[in-house]
Amino acid sequence: MAKRLEGKTILITGASSGIGRSTAKEFARTSPNNLKIIVTARRLEALNELAAEIKAEVGDGVKVHPVKLDVSNPEEIKKLVPSLPEEFKEIDVLVNNA
């Protein structure tokens with residue numbers, strides 16, 4: 001599984017707690033080299049904590065990009081991908097947890 005995820009970009013909604021948070025950590029543990037994870041939720045502080053936890057556990061091989069996002073707001077959804085840094089714009093996996 002780690003080889004299949006290498007070099008991929010994963011977008012996880014509802015990542016500030018519960019299943020979304022655990023999913024982000026598990027992806028990072030599974031493929032700790034050359035992985036990008038976009039974590040989204042309404043609570044940016046919780047996402048920043050998650051990013052720090054992942055970095056502390058697996059190091060710099062996983063890049064985590066936290067984004068404040070309310071999936072019930074169509075305007076925020078529309079602006080999400082265009083607002084991402086270039087290296088995160090090509091999303092390979094979506095975990096629509098929110």
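Here the structure is a predicted model, which means the values were calculated and not measured.
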- Heavy-atom side-chain proximity of L35 to T30 below 4.5 angstrom: no
- Query: Would one find more than 12 heavy atoms of other residues, nucleotides or ligands at under 6.0 Å from atom CD1 of I77?
  - Reply: yes
- Item | Residue among T40, V81, V39, V67 satisfying side chain to side chain contact (heavy atoms under 4.5 Å, CB included) with L11 | T40
- Inspect the surroundings of NZ in K89 and state if more than 12 heavy atoms from other residues, nucleotides or ligands are less than 6.0 Å away. yes
- Task: Would you please name every residue forming a side chain to side chain donor-acceptor pair (under 3.5 Å) with D70, sequence neighbours left out?
- Result: S72
- Item | Residue pairs fulfilling salt bridge (charged side-chain N to carboxylate O under 4.0 Å, His left out) with at least one residue in residues 37-48, sequence neighbours excluded | none
Side-chain donor/acceptor pairs under 3.5 Å, residues 91-98, sequence neighbours excluded:
unit_1	atom_1	unit_2	atom_2	d
D92	OD2	T9	N	2.8
N96	OD1	T13	OG1	3.2
N97	ND2	G14	O	3.0

- Item | Results of side chain to side chain donor-acceptor pair (under 3.5 Å) for K78 - residues two or more places apart only | E75
- Message: When you group the ILVMFWY residues by side-chain heavy-atom contacts below 4.5 Å and let the links chain together, are I12 and V64 in the same group?
- Response: yes
- Item | Qualifying residues under salt bridge (Lys or Arg N to Asp or Glu O under 4.0 Å), relative to K36, sequence neighbours excluded | none
- Message: Suppose the criterion is ring pair (Phe, Tyr, Trp, His ring centres under 6.0 Å): which pairs have a residue in residues 19-44, not counting sequence neighbours?
- Response: none
- Pairing residues for L44 by the side chain to side chain contact (heavy atoms under 4.5 Å, CB included) criterion, not counting sequence neighbours: L47, N48, P66, K68
- Item | Listed once per pair and sorted, the side chain to side chain donor-acceptor pair (under 3.5 Å) pairs that draw on residues 57-67, sequence neighbours left out | R29-E57, K55-D60, K63-E87
- Query: Would L80 and I37 show up in the same hydrophobic cluster when neighbours are defined by side-chain heavy atoms closer than 4.5 Å?
  - Reply: no
- Message: Same cluster or not: L50 versus V71, using hydrophobic residues (I, L, V, M, F, W, Y) connected whenever any side-chain heavy atoms lie under 4.5 Å apart?
- Response: no
- Query: Linking I/L/V/M/F/W/Y whenever any side-chain heavy atoms sit under 4.5 Å apart, do L69 and I10 land together?
  - Reply: no
- Query: Is the number of heavy atoms from other residues, nucleotides or ligands within 6.0 Å of CD (E49) greater than 12?
  - Reply: yes
- Message: Please say yes or no: joined through hydrophobic side-chain contacts below 4.5 Å, possibly via intermediate residues, are F88 and V62 part of one cluster?
- Response: no
- Who are the side chain to side chain contact (heavy atoms under 4.5 Å, CB included) partners of N34, not counting sequence neighbours? E6
- Pairs meeting criterion ring pair (Phe, Tyr, Trp, His ring centres under 6.0 Å) with involvement of residues 31-60, two or more places apart: none
